[in-house]
Protein chains: 2
Amino acid sequence: MKLSANEEYGLRCLVRLAYAGFEERALTIPEISQAEGVSPAYAAKILRVLRKGGFVKAARGKEGGYTLARPAASIRIGDVIDALGGRLFESDFCDTHAGQAPICTRSVDCSVRSLWRAVQVAVDQVLSKTTLRDLLQNEEEMNSWVRTIPGANGLRLIQ
Amino acid sequence: MKLSANEEYGLRCLVRLAYAGFEERALTIPEISQAEGVSPAYAAKILRVLRKGGFVKAARGKEGGYTLARPAASIRIGDVIDALGGRLFESDFCDTHAGQAPICTRSVDCSVRSLWRAVQVAVDQVLSKTTLRDLLQNEEEMNSWVRTIPGANGLRLIQ
DNA sequence: GCTAATCTATACTTAATAGTCAAGATTACT
DNA sequence: AGTAATCTTGACTATTAAGTATAGATTAGC
């Protein structure tokens, strides 16, 4: 019951891009990777997933980089998590159990299943209601944030 | 954001042992593994974790097997999940980030952190309130359940 | 004490996830 | 057109989780 690295880093990348979007600025892979403390190659891998999920768009060549594909308020965190690593119980244990026959007919399984469903609902209530916009600080903080981003040196972060 | 195999199977084993406890009966590894559709070796591995976590106790030799170490009502599912695979965000990303320096000073991290904390709270509210007893069906069902367990042939499950 | 049934422990293999590398494709600017 | 900055892709390696195998230790009953 863990958050995958993809989910953690992917969401963080989106938050950074959302902030950068306030000054209509694209972020490059070197910038993002430095800011997140991961290798450029790994950042690229994560961003590919986000692009295929329709959350970010990329521009190649000089002056290129990544931007959000749509407004932060329209990006539900639940959808992001889905794209980055899947929900908690996607492979419903009650329908197919490691490729074997269904085991839902066993009472014990169904009681456990109900519990997972309750957890799933609890998680969804948080993740589906929250948008990327909800993760951003208030406007002043945003301004102080984006002002600290220098041109070519990667993100220089506020303390 | 997935449930690990250990967590899924481990909890199921506990539910079975709770039912078996109603007729003061120990379940052997072959019985449990057959009922859960996993190999005996794998079942043994999971049961070891449960034993070290203090949820079950084992008796060796003939007539041996596993039983719950304490009443089902005193076993919180949250504790079981902890023992079997850890909670969602045990390695708090804000304190130590892949062995690097703390990154909590970066605003972006803290907003993401707040979200995970909210998810964590939501999950805990379900898992910490639920005990193993809560996962058992009502008494009549229990009786029909245990009556279907034959002596030496492994669990024969109700349909 | 012997035997069969049981758990215990460690090491091993396989599969999935995390993370890296290198070569290629696109674009802005000159 | 040339060049440097950028993303794109697929294959590769490393680490962790999942699952297996084997040999050993304990116990009940004879």
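Basis for what follows: all heavy atoms, side chains included, without hydrogens, waters or symmetry-related copies. Below, chain A is the first sequence line, B the second, and so on; all start at residue 1.
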How do A:E63 and B:Y66 order along DNA chain C: which one's closest nucleotide is nearer the 5' end? B:Y66

Return whichever of A:G61 or A:P40 has its heavy-atom-nearest nucleotide of DNA chain C closer to the 5' end. A:P40

Using a strict 4.0 Å threshold on nitrogen-to-oxygen distance, state whether A:E31 and A:R16 make a salt bridge. no

So does B:K2 pair up with B:E8, basic N to acidic O under 4.0 Å?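 The answer is no: the pair does not qualify as a salt bridge.
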
Looking only at the side chain of [X] (C-beta and beyond, no hydrogens), which of the listed nucleotides [options] gets closest?
X	options	value
A:A41	D:dA18, C:dT8, C:dT20	C:dT20
B:S39	D:dG29, D:dT20, C:dT8	D:dT20
B:R60	D:dT27, C:dG19, D:dT6	D:dT27

Taking all non-hydrogen atoms of both residues, which atom of [X] and which atom of [Y] are closest, and how far apart?
X	Y	result
A:I29	A:A43	CG2-CB, 4.4 Å
B:L17	B:Y66	CD2-O, 3.3 Å
B:I32	B:L47	CD1-CD1, 3.8 Å
A:I46	A:Y9	CD1-CB, 3.5 Å

Provide, to the nearest angstrom, the distance between the [atom1] atom belonging to [X] and the [atom2] atom belonging to [N].
X	N	atom1	atom2	answer
B:I29	D:dT26	CD1	P	16 Å
B:N6	D:dA17	CG	P	10 Å
A:K2	D:dT16	NZ	P	11 Å
A:L3	C:dT17	CG	P	14 Å
B:K62	C:dT3	NZ	C1'	8 Å
B:E7	D:dG19	CD	P	13 Å
B:E8	D:dA18	CD	P	12 Å

With each end axis built from five pairs of C1' atoms, what bend angle do you get for the helix from C:dG1-D:dC30 to C:dT30-D:dA1? Round to 10°. 10°

Donor-acceptor pair, distance only, cut-off 3.5 Å: does the side chain of A:E7 make one with the backbone of A:S4? yes

Same apolar cluster (I L V M F W Y, side chains within < 4.5 Å links), A:L68/A:F22: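 Yes: a chain of side-chain contacts under 4.5 Å links A:L68 to A:F22.
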
For C:dT17, does OP1 or OP2 lie under 4.0 Å from any side-chain N or O of A:Y9? no

Return the set of residues passing side chain to side chain contact (heavy atoms under 4.5 Å, CB included) with A:V126 (not counting sequence neighbours), or none when no residue passes. A:T130, B:L115, B:A118, B:V119, B:A122

Scan residues 42-53 of chain B against DNA chain C and write down, sorted by residue number, each residue with any heavy atom closer than 4.0 Å; if none is found, say none.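 B:R48, B:R51 - these, ordered by number, are the residues of the stretch whose heavy atoms sit under 4.0 Å from the strand.
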
